[in-house]
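Below: one structure, written as structure tokens.
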Amino acid sequence: MADQPLVLGIETSCDETGVGIVRGTTLLADAVASSVDEHARFGGVVPEVASRAHLEAMVPTVQRALDQAGVAASDLDGIAVTAGPGLAGALLVGVSAAKAYAYALGKPLYGVNHLASHICVSQLEHGRLPEPTMALLVSGGHSSLLLTEDITSDVRPLGATIDDAAGEAFDKVARVLGLGFPGGPVVDRMAREGDPEAIRFPRGLTGPRDPEYDFSFSGLKTAVARWVEQKRRAGEEVPVADVAASFQEAVTDVLTRKAVKACRSSGVDHLMIGGGVAANSRLRAMAQERCDRAGIRLRVPRPGLCTDNGAMVAALGAEMVWRGRDSSAFDLSADSSLPVTEVSVPDPHGALHAHAHSALGGGA
């Protein structure tokens with residue numbers, strides 16, 4: 001194990017300050033500082049609040065990760081950081097911190113893609129990804145189907161969200177039902193007490209003329225809100241558990257149906273599900289049922305690795321080092337709309353930049 005790359009990863013794309021340390025495909029530390037409670041009273045993430053929270057949490061969270069891993073910063077082989085996509089201000093805090101650590105320690109810097117990191121985190125529990133692997137990523141901002149030929153360089157989008165992502169729909173429906181924020185965990189808990197067949201909510205973009213692999217949950221969210229409003233206008237009690245279960249069933253039905261179809265059409269026999277919504281118990285169960293019937297191997301990280309975390313960034317960074325991929329320049333910028341096809345942001349000057357850094361006094 002000692003010859004595997006030791007990499008620290010920093011994740012600040014939204015409201016979680018995540019710092020992870022990975023050696024090869026072995027997780028050594030996963031430290032997270034969440035600002036979710038600071039956003040709860042607003043009913044959603046406030047970018048400025050998130051950025052300030054990252055600033056306050058960064059140094060102590062890095063130190064906590066180093067302590068958990070039992071390593072010194074000087075032992076690291078590289079620093080990886082989410083360069084995008086995400087909230088611009090939040091990303092800038094992480095990228096700036098990663099550049100400072102990498103430069104001070106004389107270590108290579110790897111700016112990586114948030115979505116690709118969500119795929120790569122599977123390696124920490126299930127070993128290296130088979131190539132190709134189909135990835136279904138479902139979070140607050142993204143619902144994507146991605147054909148992964150090479151996690152460090154070749155991720156191809158087959159379908160994506162065209163309006164509300166799955167996680168956004170969970171948050172909005174939770175608000176309609178008065179369940180609080182964030183919506184995903186509380187809707188999941190409430191749904192366990194309800195009947196998923198009580199209400200037949202619409203399945204978006206599943207018609208014969210609709211895009212095969214794109215997702216739309218705006219219509220579903222609206223349908224739930226109208227159904228609840230009609231009940232309240234009529235003076236009837238809203239069966240919250242049944243609404244939660246029926247809504248959740250509609251979301252997971254669409255996600256798993258399209259994911260299995262994409263696997264079959266592409267001739268891929270491995271499906272990986274990642275992102276915050278992958279922690280949903282019904283999504284995990286339905287995906288397993290449908291994959292078993294289709295002869296597809298399913299890989300889903302434990303819930304703690306589905307949400308945003310530094311371990312996933314460190315995992316992709318370690319894979320970049322192990323495969324000899326180019327590191328990033330120290331003028332790396334955060335890109336809030338970084339496309340998933342850009343798995344990393346390599347240094348355009350290559351070895352020239354590394355030589356210049358060494359001349360300025362950098363070194364291990």
Side-chain angles (χ1 to χ4, degrees), residues 8-20 29-65 80-98 111-118 121 137-144 161 164-175 179-189 217 274-280 301-316 334-338 340:
L8 180 144
I10 296 174
E11 155 61 27
T12 62
S13 67
C14 193
D15 60 337
E16 308 280 355
T17 307
V19 180
D30 181 22
V32 178
S34 175
S35 61
V36 66
D37 291 342
E38 297 175 50
H39 303 284
R41 61 194 177 104
F42 300 104
V45 175
V46 181
E48 179 63 20
V49 172
S51 299
R52 290 180 181 273
H54 289 312
L55 279 170
E56 294 174 3
M58 182 58 64
V59 173
T61 307
V62 169
Q63 189 57 54
R64 184 151 50 97
V81 62
T82 298
L87 301 174
L91 288 168
L92 282 170
V93 176
V95 168
S96 297
V112 299
N113 192 291
H114 177 79
L115 301 181
S117 296
H118 268 303
V121 76
L137 296 188
V138 277
S139 67
H142 306 279
S143 299
S144 308
T161 305
D164 281 7
E168 289 176 291
F170 270 93
D171 287 341
K172 291 175 180 178
V173 166
R175 193 177 305 132
L179 297 177
F181 174 86
V186 68
V187 169
D188 191 5
R189 288 195 300 271
F217 296 107
V277 181
N280 180 272
R302 59 181 168 82
L305 292 180
C306 290
T307 52
D308 293 347
N309 59 82
M312 67 186 198
V313 180
L316 182 51
D335 184 349
S336 60
S337 57
L338 186 69
V340 70

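These numbers come from the heavy atoms of this one structure, side chains and all, not from hydrogens, waters or symmetry mates.
The CG atom of Leu115 sits 6.0 Å away from atom CG of Leu137, with the distance rounded to the nearest 0.5 Å. A distance of 6.0 Å separates CG in Leu91 from OG in Ser13, rounded to the nearest 0.5 Å. Between atom CG of residue Leu338 and atom NE2 of residue His114 there is a gap of 11.5 Å, rounded to the nearest 0.5 Å.
Side-chain contact between Asn113 and Pro85: present, with at least one pair of heavy atoms (C-beta onward) separated by less than 4.5 Å. Inter-residue side-chain proximity for Val313 and Ile10 is flagged as unmet; no heavy-atom pair is nearer than 4.5 Å. Looking at heavy atoms from C-beta onward, Glu56 lies out of side-chain contact with Thr17 at the 4.5 angstrom threshold. Put simply, the side chain of Ser144 does not reach to within 4.5 Å of the side chain of Val340, judged on heavy atoms. Counting heavy atoms from C-beta on, the side chains of Val93 and Arg52 never come closer than 4.5 Å. Taking 4.5 Å as the limit, every side-chain heavy atom of Asn280 sits out of range of all side-chain heavy atoms of Val187. The closest side-chain heavy-atom distance from Glu16 to Val32 is below 4.5 Å.
Of all non-hydrogen atoms in Ala169 and Phe217, the two that sit nearest each other are CB-CB, 3.9 Å. Of all non-hydrogen atoms in Val81 and Ala98, the two that sit nearest each other are CB-CB, 3.5 Å.
Checked by atom type, the side-chain pair Thr12/His54 shows no donor-acceptor distance below 3.5 Å.
Although no hydrogens or angles enter the test, the distance criterion places a donor-acceptor pair under 3.5 Å between the side chain of Thr161 and the main chain of Ser143.
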Check step by step if side chain to side chain contact (heavy atoms under 4.5 Å, CB included) holds for Leu179 and Arg189.
CA-CA 11 Å; Leu179 297 177; Arg189 288 195 300 271; over 6 Å; no
